[in-house]
Amino acid sequence: MTAPIPAPRGLPVVGNALQVPVTGGHQFFADLAAAHPEGIFKLNLAGRHVVMVYDPDLVAEVSDESRFHKPIDPPLAHVRDFAGDGLFTAHDGEESWGQAHRILLPAFSQRSMKAYFPQMLEVAQDLIAHWETRSDVDVTEDMTRLTLDTIALTGFGHAFHSFEQPELHPFLQSMGRALTEAMHRTRQLPAITGLKRKADAAYRADIARMHDLVDEVIRSRRASGEKAQDLLGLMLEAADPVSGVRLTDENIRNQVLTFLIAGHETTSGTLSFALHLLMRNPHVLAQAYAEVDRILPGDTVPTYETVMKLDVIPRILDEALRLHSPITAIGLMANHDTVLAGKYHLDAGQKVAVLLKPLHVHPGAWENPGEFDIDRWLPERKAARHPHAYKPFGNGERACIGRQFALTEARLALAMILRRFAISDPHGHQLAIKQTLTIKPDNLTLRVRPRQEHE
Ligand code: HEM
């Protein structure tokens with residue numbers, strides 16, 4: 001016996017589309033999830049019918065890659081306008097995805113992180129030097145500078161020097177505007193998008209600016225003849241171990257752009273949310289200070305090995321990613337007709353979204369889910385958890401290739417910040433979330449002051 005999937009009432013034709021706030025659906029979907037304890041509901045977004053799931057058992061079912069795959073639907077279909085067949089926006093089964101995935105996978109192993117460490121350290125030191133000259137800092141903007149500079153320097157040998165510039169780099173401004181337009185297009189009927197000529201021209205110009213920068217990075221590497229062992233070097237030199245094929249120039253451009261986009265927005269959001277949460281939880285902040293004082297005393301220069309010894313800081317990041325996953329949903333599609341939980345029928349091609357915040361606070365999997373509790377990441381509690389209750393890095397073969405990169409970079413940055421600065425929130429920041437493709441805290445201004453001994 002099948003059962004109907006709960007569906008909040010909408011309007012004729014547009015369905016629930018007009019209910020989703022223009023500023024982003026993050027909170028709207030979380031509220032709907034709270035009102036539907038079944039762990040599943042269905043929305044009609046102007047003819048796009050999407051089944052939302054967040055019960056861990058249902059998420060386990062949709063994570064089965066023999067039953068579901070990642071489709072490139074809006075907003076990713078629009079991001080594909082500029083990232084093309086890069087890993088993030090490649091279609092399921094697209095040949096170039098397999099080639100690039102196999103070539104790049106070794107470059108993202110834990111072992112490779114050691115090779116990137118000197119550049120990660122260099123950029124983290126730029127952040128520290130910048131904050132030493134400041135009192136109030138815009139955390140989210142500076143985390144964005146940090147993560148963009150890190151992926152560009154480690155991945156492609158390109159120095160943005162973002163901390164030397166008062167404004168975010170023009171590349172970032174173009175990327176921000178293009179992502180915002182991609183999100184607008186997700187909510188617009190295609191006929192309306194076609195009519196907005198000015199917006200379209202601005203969008204095309206932003207895409208051209210991003211492509212120009214990336215083409216210049218590739219051109220100057222080729223011209224230098226340098227054989228660097230970074231992501232770009234690998235993409236220019238290596239052949240796919242299965243097919244023997246090398247990546248085309250266009251695909252390399254798409255991958256570089258993809259890493260610049262996917263490789264910084266998410267990590268900067270994570271670090272910003274972590275600092276916001278530490279301001280709200282002084283007992284955890286005290287634990288973090290104690291840890292950095294023990295592992296990184298005085299002016300010790302961190303090494304890869306010292307960062308791997310951290311324990312409190314990684315758990316802070318795990319918990320920040322649980323409460324504020326920068327990517328809010330994972331899009332999937334049914335491969336064939338199927339039934340969830342033995343009762344909810346889905347047709348082949350049915351769109352599904354795993355809602356990460358509702359999953360990450362699901363009472364079936366988490367004790368006191370709303371609490372910032374880093375001890376839930378202690379090994380014994382972690383081992384007892386539902387295996388599909390936590391997916392900030394996505395699922396299966398389309399999960400995040402940059403996970404170790406992000407975590408290494410974020411651990412190092414957070415440890416260096418806390419080692420050097422006493423951080424406070426004199427302005428009483430109220431969390432407001434800014435949503436583009438990812439979410440980040442908006443206007444998070446905190447005060448930083450060099451720490452005194454024993455503070
Ligand atoms: C994919 C999250 C950092 C590169 C993904 C996905 C998620 C995710 C959820 C799957 C998206 C989907 O299913 O549509 C995160 C988070 C990060 C982070 C939370 C930081 C805390 C990074 C970094 C890089 C990166 C640093 C690169 C250096 C990618 C790429 C993909 C991806 C290339 C596409 C993988 C594929 O489909 O083959 N990420 N990411 N990410 N991420 Fe990350």
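When a ligand or atom number is given, it counts from 1 through the structure's own listing order. Computation of the quantities below employed the complete heavy-atom set of this structure, encompassing side-chain atoms and omitting hydrogens, waters and symmetry-equivalent molecules.
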Which ligand 1 atoms does [X] reach within 4.0 Å, using its non-hydrogen atoms?
X    : value
F108 : 28 (C)
F259 : 27 (C), 33 (C)
I401 : 30 (C), 33 (C)
T267 : 3 (C), 20 (C), 26 (C)
I151 : 28 (C)
A399 : 35 (C)
T270 : 21 (C)
A406 : 3 (C), 20 (C), 21 (C), 26 (C)

Side-chain H-bond candidate by donor/acceptor type, T140 with K434, under 3.5 Å: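 The answer is no; no qualifying pair exists.
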[atom]: which protein heavy atom is closest, and how many Å away?
atom                    : answer
atom 4 (C) of ligand 1  : A262 CB, 3.7 Å
atom 31 (C) of ligand 1 : F88 CD1, 3.9 Å
atom 3 (C) of ligand 1  : T266 OG1, 3.3 Å
atom 14 (O) of ligand 1 : K70 NZ, 2.9 Å
atom 38 (O) of ligand 1 : W97 NE1, 2.7 Å
atom 9 (C) of ligand 1  : P392 O, 3.2 Å
atom 41 (N) of ligand 1 : C400 SG, 3.0 Å
atom 13 (O) of ligand 1 : I330 CG2, 3.6 Å

Does the distance from a Lys or Arg side-chain N to an Asp or Glu carboxylate O, for [X] and [Y], drop under 4.0 Å?
X    : Y    : result
R219 : E216 : yes
D206 : R209 : yes
D126 : R145 : no
R185 : E181 : yes
R376 : E367 : no

Run down the list Y116, F405, F273, F393 and name the one with the heavy atom closest to atom 6 (C) of ligand 1.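 Of the listed residues, F393 has the closest heavy atom.
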On the six-membered ring of W377, is R322 placed so that its NZ or CZ lies under 6.0 angstrom from the centre and within 45° of the ring axis?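 No, R322 does not lie over the aromatic ring of W377.
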Over-ring placement of K357 relative to Y54, 6.0 Å and 45° cut-offs: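 No, K357 does not sit over the ring of Y54.
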Does G331 come within less than 4.0 angstrom of ligand 1, counting non-hydrogen atoms of the residue?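 No heavy atom of G331 comes that close to ligand 1.
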Centroid separation under 6.0 Å, is that true for the rings of F259 and F108?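 Between F108 and F259, the centre distance is under 6.0 Å.
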Please determine whether the number of non-hydrogen atoms from other residues, nucleotides or ligands lying under 6.0 Å from atom CG of D64 exceeds 12.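 Yes.
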